[in-house]
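We're numbering straight along the sequence, starting at 1. Indexing begins at 1, ligand by ligand and atom by atom, following the structure's order.
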Amino acid sequence: MQFPLTSARRHATAAAVAMVGVLCGQAAGQSMNDVQKAATERGLSTADLLAAAKTYTPSGMKDEYIIFSSGGHSGQVFVIGVPSMRLLRSIAVFTPEPWQGWGYGVGEEILAAGMSMGKENLWGDTHHPAISETEGEYDGEWLFINDKINARVGVIDLRDFETKQIIKNPLTVSDHGGTFVTPNTEYVIEGGQYAVPWGSEYAPISEYKEKYKGSVTLWKFDRKKGRIDESRSFAIELPPYWQDLSDAGKLASDGYIFMNSLNTELATGGIESGNPPFEAGASRNATDFLHIIDWHKAEEVYKAGKVEQIKGFPVIMLETALEEGLLHVTPEPRSPHGVDVAPKGDFIVVSGKLDPHVTIYSMAKIKKAIASKTFSGHDEWGVPILDFDSVLEAQVEVGLGPLHTQFGPDGYAYTSLFLDSAVARWTMGGSYGKGTPEPDWTLVHKTPVQYNVGHIGVAEGDTVSPDGKYLVSFNKWSVDRFFPPGPLLPQNFQLLDITGKGTDMPVIYDMPIGFGEPHYAQIIKADKLDPWTIYPEVGWDPHTMSLDPMAPKPKMERVERKGDTVEVYMTSVRSHFNPEHVTVKQGDKVVWRITNIERAVDAVHGFSIPVYNVNLSLEPGETAKIEFVADTAGTFPFYCSEFCSALHLEMMGYFMVEPE
Ligand code: CUK
Ligand code: CUA
């Protein structure tokens, strides 16, 4: 039986058949008839087969692109291959995760550095990952991620895909407009979100205007150390709007930060007292404000010492920012969400959730308006408002609920439409014009997605040189797309092929994401990443990224008592630990060092101790140190929690704590 062929699809089918032929390798006894038969049995159309040929990735074939996706309120980052849409790993950041040994013996100090107001916080709400950049291109060296719930920033080293640093913002307790990096990763930008008094101290909401603050923080990244350098970082006070998404300027707009806001109404809610709820109060106005911040100037002001120390952190006060002319705003319609800088930096695209257009600002016009002081007034705090018409380049009607925009290499831009559940393709004008068959600043096509798309990601689509090719729609709802694993449904990542022109941009794959609720993601060419598969030397400490002189080595294994402290020097190799007996007295302090001395790729050993809540993941060469008080007497078989060899179950030992 043949699968149905429409004439429009005949061409595509030939391609599919050819590709499937290649993929099948025409093994003995197989033919295209078998493909047709299998497709018919499963009810697959020609389009389905074509999509399969574009995405099916046989064992051993590697992906062309890698997605770094936020994990939403899982607090982690996900690493996914494109076009296979296979999950390659999660990276533990703000949430302890035993498989990676994160927060179950190691990583505690890094997690603790991010704890707020002396309280233990063991989760995060990650929204916006940012790959480090060199001249506006992803360089694949570092990854940053914000935590919206507690205003923190995580730093991940892309040599080993592990979190090296978590920083807590001392000024605010929630962030959203971050992380975004400046074109050479000079700074990692973290915009505040919900206004709070400095340091999130108590102040009644009736004192909102006087006491509640907005802000943006510029974290200085020290590439050599691979850490954010708090001592060279600073913040700028902003009006108590809710700062929202931001993006760093590049090329034509290098030196600027663009940051949306909501709640320029300064609504303070209180539905229970008969006030309009926040959702109504904070969306009353037809426009909010796009902050335009000159960070080159701000850096000079900071270096000149024109700051106040607030919570021990240097802040350029709003008054100073205005005196120095480093802050302007311009109106943006209506309940804005995404702000995205075009590849050449010449246009800034803003989407208002309640406006069916994307609004495109011209950087040249912004600079002119700043220079000529073409203001339509000042806001309540005296911030000059650039006249909307004088900075506007174009508006394109794209559909309902536009959120986020990404760019292709060919003059197309793409905007997610939350309410339409679609991805819009539209044409850019100016220097991007004529790259496409359609006229400038025109909606070309909308591809339906399922459902309620938040962010979209185009391969390298927010850099100075987008690759295009693939677009991933990060959908919030999946409704009927998958088997429902209970009432909590997965999110749905849908892959679109955007190599075609005009209306040709089909969905070619669905990937359920069964944990967390991802927001933004960046998609990098896989060959820009060069991760280690084993640590460089035996005894490597991933936290310092150097050889640990105290790391246990073969033939130096021992248990040493020093007063009330017992030091263990242990190695692990297939399939034993050495030593296998560790006996201490109840109340002893235990300092347990352990090195995985393997040099084979993927020869990972776990190390887990029951009752004591310990689980490590020791990758080849890695050393770790755990410290605890042996406060509970008993017999505790420790073992390797990775199935590392045939005799992995025998890879164990006894930790014995003699009662007092
Ligand atoms: S936000 Cu989630 S869909 Cu936090 Cu970038 Cu737009
Ligand atoms: Cu080592 Cu199992």
Side-chain angles (χ1 to χ4, degrees), residues 69-74 99 101 124-130 145-149 151 174-180 189-194 242-247 259-260 262 335-340 349-353 401-406 415-419 421 423 449 451-457 462 472-477 491-493 513 516-522 570-578 580 594-598 600 602-608 615-620 622 637-653:
S69 169
S70 70
H73 39 297
S74 75
W99 166 67
D125 186 12
T126 59
H127 279 235
H128 303 111
I145 184 90
N146 76 310
D147 166 31
K148 180 172 134 102
I149 183 67
S174 66
D175 71 21
H176 198 218
T179 53
F180 290 90
I189 301 160
E190 183 194 22
Q193 182 151 55
Y194 306 120
W242 296 345
Q243 279 72 43
D244 205 46
L245 289 193
S246 63
D247 201 0
M259 180 166 283
N260 283 335
L262 49 154
S335 299
H337 192 58
V339 52
D340 299 284
V349 180
V350 167
S351 308
K353 301 185 290 273
L403 295 187
H404 299 286
T405 298
Q406 292 260 298
T415 300
S416 56
L417 303 171
F418 182 84
L419 296 174
S421 289
V423 176
V449 292
Y451 303 89
N452 296 66
V453 48
H455 278 273
I456 49 176
D462 70 347
V472 181
S473 175
F474 305 104
N475 304 330
K476 301 296 190 182
W477 291 40
Q491 329 296 321
N492 188 7
F493 282 12
I513 282 277
E517 189 225 323
H519 293 259
Y520 188 42
Q522 290 185 331
M570 176 179 270
T571 58
S572 63
V573 69
R574 277 162 292 173
S575 303
H576 58 267
F577 295 106
N578 184 8
E580 291 184 328
I594 174 166
T595 305
N596 175 354
I597 62 173
E598 303 272 2
D602 211 4
V604 176
H605 296 292
F607 175 70
S608 49
N615 190 50
L616 309 182
S617 170
L618 297 160
E619 286 94 65
E622 179 173 353
F638 59 81
Y639 65 87
C640 166
S641 46
E642 282 266 337
F643 207 117
C644 55
S645 73
L647 294 178
H648 140 82
L649 294 182
E650 290 80 353
M651 189 167 178
M652 65 84 66

Quiz item: Just one of Asp247, Asp175, Leu245, Ile189 clears the side chain to side chain contact (heavy atoms under 4.5 Å, CB included) bar with His128, so which one?
Solution: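 The single option meeting the side chain to side chain contact (heavy atoms under 4.5 Å, CB included) with His128 is Leu245.
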
Quiz item: Of all N, O or S atoms in His127, which has the smallest distance to atom 4 (Cu) of ligand 1?
Solution: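 For His127, the N, O or S atom at the smallest distance from atom 4 (Cu) of ligand 1 is ND1.
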
Which ligand 1 atoms, with their elements, are less than 4.0 angstrom from a heavy-atom of [X]?
| X | value |
| --- | --- |
| Gly454 | 3 (S) |
| Leu245 | 5 (Cu) |
| His128 | 1 (S), 4 (Cu), 5 (Cu) |

Quiz item: Is atom 4 (Cu) of ligand 1 less than 2.8 Å from an N/O/S atom of His455, whether that atom is in the backbone or a side chain?
Solution: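 No - counting backbone and side chain alike, His455 has no N, O or S atom under 2.8 Å.
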
Practice problem: Name the option, out of Gln193, His337, Lys476, His519, that contains the heavy atom nearest to atom 6 (Cu) of ligand 1. | Solution: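 Among Gln193, His337, Lys476, His519, the closest heavy atom to atom 6 (Cu) of ligand 1 comes from His337.
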
Self-check item: Residues His176 and Asp244: side-chain donor-acceptor under 3.5 angstrom
Solution: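 Side-chain D/A pair, His176 to Asp244: present.
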
Quiz item: Does the separation of the ring centres of Phe474 and His455 fall below 6.0 angstrom?
Solution: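 No - the distance between ring centres of Phe474 and His455 does not fall below the 6.0 Å cut-off.
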
Quiz item: Do His404 and Phe418 come within less than 4.5 Å of each other through their side chains, counting heavy atoms only?
Solution: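 Not in contact.
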
Quiz item: Should we count OH of Tyr639 as having more than 12 external heavy atoms under 6.0 Å?
Solution: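 Incorrect, the count does not exceed 12.
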
Quiz item: Backbone N or O of Asn452 within a donor-acceptor pair of the Ser421 side chain at under 3.5 Å?
Solution: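 Confirmed, Ser421 side chain pairs with Asn452 backbone.
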
Self-check item: ligand 1-proximal atoms of His404, by part, heavy-atom distance under 4.0 Å
Solution: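 It is the side chain that gets close, since no backbone atom is under 4.0 Å.
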
